[in-house]
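The structure appears below as structure tokens.
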There are 2 protein chains.
Amino acid sequence: MTTSDTARTGEPGRSVSVKDVASTAGVSVGTVSNVLNRPEKVSPATLEHVQRTIEQMGFIRNDAARQLRAGTNRAVGMVVLDVRNPFFTDVARGVELRLGTRGRPLILGSSGQDAERESTYLDLFEEQRVSGLLITPVGKVLPRLRRLRERGTAVVVVDRRTGSREFSSVAVDDVRGGRLGAAHLVESGRQRIAFIGGPRGLTQIRHRLRGIEEVIEAHPGHSVQLVETATMDASAGRLAAEELLALPRKARPDAIFAANDLVALGVLQALTFAGVRVPDDVAILGYDDIDFAASAAIPLSSIRQPREEMGEVATDLLLAAIEDPTAGVRDIVLEPELVVRRSTGG
Amino acid sequence: MTTSDTARTGEPGRSVSVKDVASTAGVSVGTVSNVLNRPEKVSPATLEHVQRTIEQMGFIRNDAARQLRAGTNRAVGMVVLDVRNPFFTDVARGVELRLGTRGRPLILGSSGQDAERESTYLDLFEEQRVSGLLITPVGKVLPRLRRLRERGTAVVVVDRRTGSREFSSVAVDDVRGGRLGAAHLVESGRQRIAFIGGPRGLTQIRHRLRGIEEVIEAHPGHSVQLVETATMDASAGRLAAEELLALPRKARPDAIFAANDLVALGVLQALTFAGVRVPDDVAILGYDDIDFAASAAIPLSSIRQPREEMGEVATDLLLAAIEDPTAGVRDIVLEPELVVRRSTGG
DNA sequence: TTCGCCGATTGAAACCTTTCAATCGGCGAT
DNA sequence: ATCGCCGATTGAAAGGTTTCAATCGGCGAA
């Protein structure tokens with residue numbers, strides 16, 4: 001590590017307030033505030049004059065004071081499970097897109113699946129009095145979410161359903177996703193499917209598996225087995241694939257359905273290393289359809305989740321709840337979509 | 001899209017202030033504030049009593065008021081080039097880790113390489129009076145950064161150098177990275193290197209190329225060519241690789257050095273599709289060493305940039321500048337590291 | 001010329017926390 | 001019994017914006 005230094009001094013320099021602008025422009029603070037917030041209430045001449053003064057003095061509104069007065073922060077908070085999973089950054093992008101046009105900043109936090117970090121973010125958002133919260137919950141946060149709502153913060157649950165009908169939510173139909181994938185594999189002539197993902201307790205895993213089973217049961221001679229993993233990243237996929245490779249050749253699956261694309265990429269790596277041909281010997285199907293799926297050495301077929309759309313819809317729900325706190329709870333379920341690429345013989 | 005509705009009403013419910021706590025607990029607001037901020041100044045009995053009252057009443061500090069009084073927001077703002085590139089989320093993680101332990105929230109924005117979005121975030125951070133700003137600049141923002149600093153916001157440039165010696169910065173030695181990579185390729189017996197990346201104007205591209213050229217010049221019989229791309233994502237890599245595949249066989253490079261891992265993944269995909277064997281026919285070397293590099297079908301060798309460390313170091317610099325605004329400007333240069341995997345014959 | 005009206009402008013109050021000079025109360029020393 | 005001291009507590013002021021009732025000024029109508 002190399003370092004180089006240079007001397008330098010920085011003077012804070014008191015910042016310009018509406019009061020300063022008002023006195024310089026020769027108007028009252030009320031008028032300056034009107035120029036800022038209701039320009040149509042101000043005569044054209046004054047408007048022009050004050051705006052020029054603001055410009056010249058380099059006045060920048062102090063958001064803390066604004067918030068204090070308003071009682072609520074225009075910002076929206078979001079807690080995702082893991083920013084390192086492109087799935088969530090894409091959802092967040094959808095949110096940001098929608099909020100940006102409404103002049104509402106997004107404060108994004110990643111819980112990293114850790115209930116404690118999640119809780120820290122909730123503390124922060126509570127102190128900040130954010131007007132809305134988007135969350136994919138990890139820990140037992142229902143009581144806190146209730147409290148937030150009592151205090152006037154709108155809450156929408158993303159990529160989960162609360163079941164309790166207390167909070168609006170946006171999720172994707174996982175049973176359908178499982179069905180779509182299984183149907184595709186069966187139609188491509190695969191008979192023994194291994195579904196890799198976990199932990200088993202996750203609703204999403206259970207639903208997807210159920211969708212797969214429905215299809216399998218309708219097709220005699222086909223089978224599915226769950227290979228459970230503790231996490232859902234590439235190394236989990238690698239390990240699970242190695243487990244399958246250890247099986248006697250005839251007991252091996254001819255199709256692997258991964259619970260997300262990261263796992264699928266790990267599987268692809270392990271199979272490639274072992275010299276197994278994809279898709280000839282084994283087909284691989286991912287889930288989510290993150291950008292990396294299309295960029296894999298052998299482009300991955302995947303069940304596409306409408307990620308940005310999920311963010312957008314969640315934001316719409318949230319904005320509606322912010323603007324009208326009496327709005328009803330809504331659970332929106334989006335549809336997944338099959339994307340066929342080379343890894344399943346596309 | 002399926003929807004289901006349920007009626008529900010939410011009452012805002014005025015929030016509890018220090019004044020409320022004070023009157024309920026039978027003490028003054030000053031004491032409540034001391035309990036919150038300087039508990040050692042309060043007698044044990046009072047402390048205990050007030051804390052219990054706070055708990056019971058569900059008091060949550062209003063951060064806007066606190067900020068207003070303090071004159072500055074404890075939060076730190078960060079503008080990265082692209083949250084969808086894991087490189088930046090990793091840097092951000094480093095930042096968050098360091099800040100989290102200091103009780104400072106991070107407000108993260110992604111400019112998406114768009115000067116206008118960058119500017120919108122700077123507006124936001126200015127209004128918020130954030131105490132510090134970490135930025136990988138896109139547009140011409142020097143005047144704004146100067147203004148921010150005049151107003152008392154500490155500024156550190158990340159993954160770039162300003163050259164002007166006005167702002168502290170943290171970057172990685174790109175010439176060195178180019179040298180490391182080229183040396184490795186030459187040592188593995190490769191002779192004709194194609195360096196894929198761009199646009200050519202980027203300092204980082206120029207520096208890395210210079211490092212490569214230094215090595216090539218020291219090894220007669222070896223050559224390097226730049227294949228310029230407009231962006232640095234997987235599709236750019238795919239296109240560039242196809243361009244190379246169109247060359248007569250003997251003119252083709254036997255090693256491809258990609259300017260980042262996304263490009264390298266695109267290259268790997270195109271070569272795999274064309275039946276070119278990696279690393280036997282062509283070696284591929286990436287840059288950054290994002291997690292996906294290790295998870296590729298053929299694990300990618302890469303020049304590892306210390307991403308989290310970069311975030312941590314930048315944060316340390318920033319915190320130092322926040323705590324002591326007279327601190328000098330420092331340009332810190334971190335060292336990259338070669339990580340050998342299968343794509344170059346590891 | 002005076003009155004009434006209306007749009008434009010004003011200025012004080014409110015939002016909530018933190019800070020700090022001033023005050024209080026208790027105790028040991030004289 | 002009184003004084004002085006010290007730790008604990010108090011209460012008012014400050015910070016910048018927004019809101020809104022009150023006021024101002026100008027103009028048309030009577």
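As the structure is a computational prediction, the values presented were derived from the model and not from experiment. Lettering of chains follows the sequences in order, A, B, ..., and the numbering in each one begins at 1.
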Comparing E40(A) and V29(A) on DNA chain C - which has the more 5′ nearest nucleotide: E40(A)
When you measure only distances, ignoring hydrogens and angles, does the side chain of R66(B) come within 3.5 Å of the base of dT17(C) through a donor and an acceptor? no
Do R69(A) side-chain and dT18(D) base share a donor-acceptor contact under 3.5 Å?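 Present.
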Within a reach of under 6.0 Å around CZ of R146(A), are more than 12 heavy atoms found that belong to other residues, nucleotides or ligands? yes
Does [N] have OP1 or OP2 sitting under 4.0 Å from an N or O in the side chain of [X]?
X: S33(A); N: dT18(D); value: yes
X: S17(B); N: dC15(C); value: no
X: R38(B); N: dT18(C); value: no
X: N37(B); N: dT18(C); value: yes

Toward the 5' end of DNA chain D, which comes first, N34(B) or L68(A), by nearest nucleotide? N34(B)
Check the side chains of S33(A) and R38(A) for a donor-acceptor pair under 3.5 angstrom, ignoring hydrogens and angles.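 Short answer, no.
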Look at E312(A) together with R307(A) and state whether they make a salt bridge at an N to O cut-off of under 4.0 Å.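 Salt bridge absent between E312(A) and R307(A).
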Compute the bend angle of the helix from dT1(C)-dA30(D) to dT30(C)-dA1(D) from the end axes (five pairs per end), rounded to 10°. 60°
Do any N or O atoms from the side chain of [X] and from the backbone of [Y] form a donor-acceptor pair under 3.5 angstrom?
X: T89(A); Y: R84(B); answer: no
X: S111(A); Y: V80(A); answer: yes
X: S168(B); Y: D331(B); answer: no

